[in-house]
2 protein chains.
Amino acid sequence: MAGDRQPRLLTHPDLGDVELTTVLFALSDPSRLALVRELAAEGPRTVEECRGSEPDVPKSTFSHHLRTLREAGLVTNEPLGRRRVVALRREELEGRFPGLLDAVLGH
Amino acid sequence: MAGDRQPRLLTHPDLGDVELTTVLFALSDPSRLALVRELAAEGPRTVEECRGSEPDVPKSTFSHHLRTLREAGLVTNEPLGRRRVVALRREELEGRFPGLLDAVLGH
DNA sequence: GCCATGGTTCGACTCCTTTGGAATAGTCGT
DNA sequence: ACGACTATTCCAAAGGAGTCGAACCATGGC
């Protein structure tokens, strides 16, 4: 069909193109690391649910952190209705950086 | 004895006090990560030897990176004659963050 | 004691990151 | 089509990190 405009897709990097230093940097912020931990423990969540853990953080700030994680290949961010679902790219990360995520999550 | 002034000791943090995010941040810079890799592969080296890999980097810049690594608990920096020896705190790191260093060095 | 050597610290500059308010865009219900 | 809801992007302000020359400090040799 003609107007098959997708519901606002964000770009996700191929993990093969992501540098280790980029991943480490994304994880080096306490807010972002906490979010990754939460996703690892609870599974995929909407942005709203994620934000529930730290309600004082403005939406734009939170969105920026999500972007940093997404561009580092750590999470996906897909539309679902009028929400968005954030998910950890666990298997892919394990393939690219074996043991890294487990080591980071182990604390 | 009275004037037992030590040969210029730098302070090294107790690894129990070091946050994971601090370690990840220290490792998130390509120059610093390369240095850690080199120390892991070659064992302890003098600052001069370390600097040999990247001769174009000014001494002060290199020293700053060493400081960041040291304050993150990743390396020790001890005087030896008029040189200084830099060493990876491997066993200690393994105790505090099991698997982390191996995962990072695996690439 | 004096000088050369090896390294850190200081200070200044630039760039990037973080932050957050406002504007914008997509989706659902009516 | 309109409004409510969810979330990103835009833009600017403030803070922090990287870079590097110059000053400083400690050690060893003469």
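In what follows, every heavy atom counts, from backbone to side chain, and hydrogens, waters and symmetry copies are set aside. The sequence lines fix the lettering, A, B, ..., with proteins before strands; numbering per chain opens at 1.
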Reading nucleotides 1-12 of chain C from the 5' end, what letters show protein touch, with B for base, S for backbone sugar-phosphate only, - for no heavy atom under 4.0 Å? ---BBSBBB---
Could B/Arg96 and B/Glu92 be called an ion pair, given the rule that one side-chain N must be under 4.0 Å from one carboxylate O? no
How many Å lie between CG on B/Asp56 and P on D/dG18, as a whole number? 19 Å
Please report the closest heavy-atom contact between A/Leu105 and A/Ala40, naming both atoms and the distance. CD1-CB, 3.5 Å
Judged by each residue's nearest nucleotide on DNA chain C, which is more toward the 5′ side, A/Leu80 or A/Phe25? A/Phe25
If I take atom CG in residue B/Asp29 and atom P in nucleotide C/dT17, what distance separates them, rounded to the nearest angstrom? 12 Å
Measure CZ/A/Arg32 against C1'/C/dT19 and give the value in whole Å, please. 12 Å
Give B/Arg51 one of three labels, base, sugar-phosphate or nothing, depending on what nucleic acid heavy atoms sit under 4.0 Å from its own. nothing
Enumerate donor-acceptor pairs with a distance under 3.5 Å from any side-chain N or O in residues 11-21 of chain B to protein atoms, sequence neighbours excluded.
unit_1, atom_1, unit_2, atom_2, d
B/His12, ND1, B/Leu10, O, 3.1
B/His12, NE2, B/Asn77, N, 2.8
B/Asp14, OD1, B/Gly16, N, 2.9

CG (B/Leu74) and CG (B/Leu101) are apart, to the nearest 0.5 Å, by 7.5 Å
Checking C/dG20, D/dG18, C/dT18 against the side chain of B/Thr68 (C-beta onward), the nearest is D/dG18
For the pair A/Ser63 and A/Val47, evaluate side chain to side chain contact (heavy atoms under 4.5 Å, CB included) and give the outcome as yes or no after the intermediate values. CA-CA 9 Å; A/Ser63 201; A/Val47 172; over 6 Å; no
B/Leu24 CG to D/dA17 C1', in whole Å, measures 17 Å
Nearest-Å distance, CD (A/Glu71) to P (D/dT9)? 9 Å
Atom of B/Gly73, atom of B/Leu93 and distance for their closest heavy-atom approach: O-CD2, 3.9 Å
How close or far is atom C1' of C/dT19 from atom NE2 of A/His65, stated in whole angstroms? 8 Å
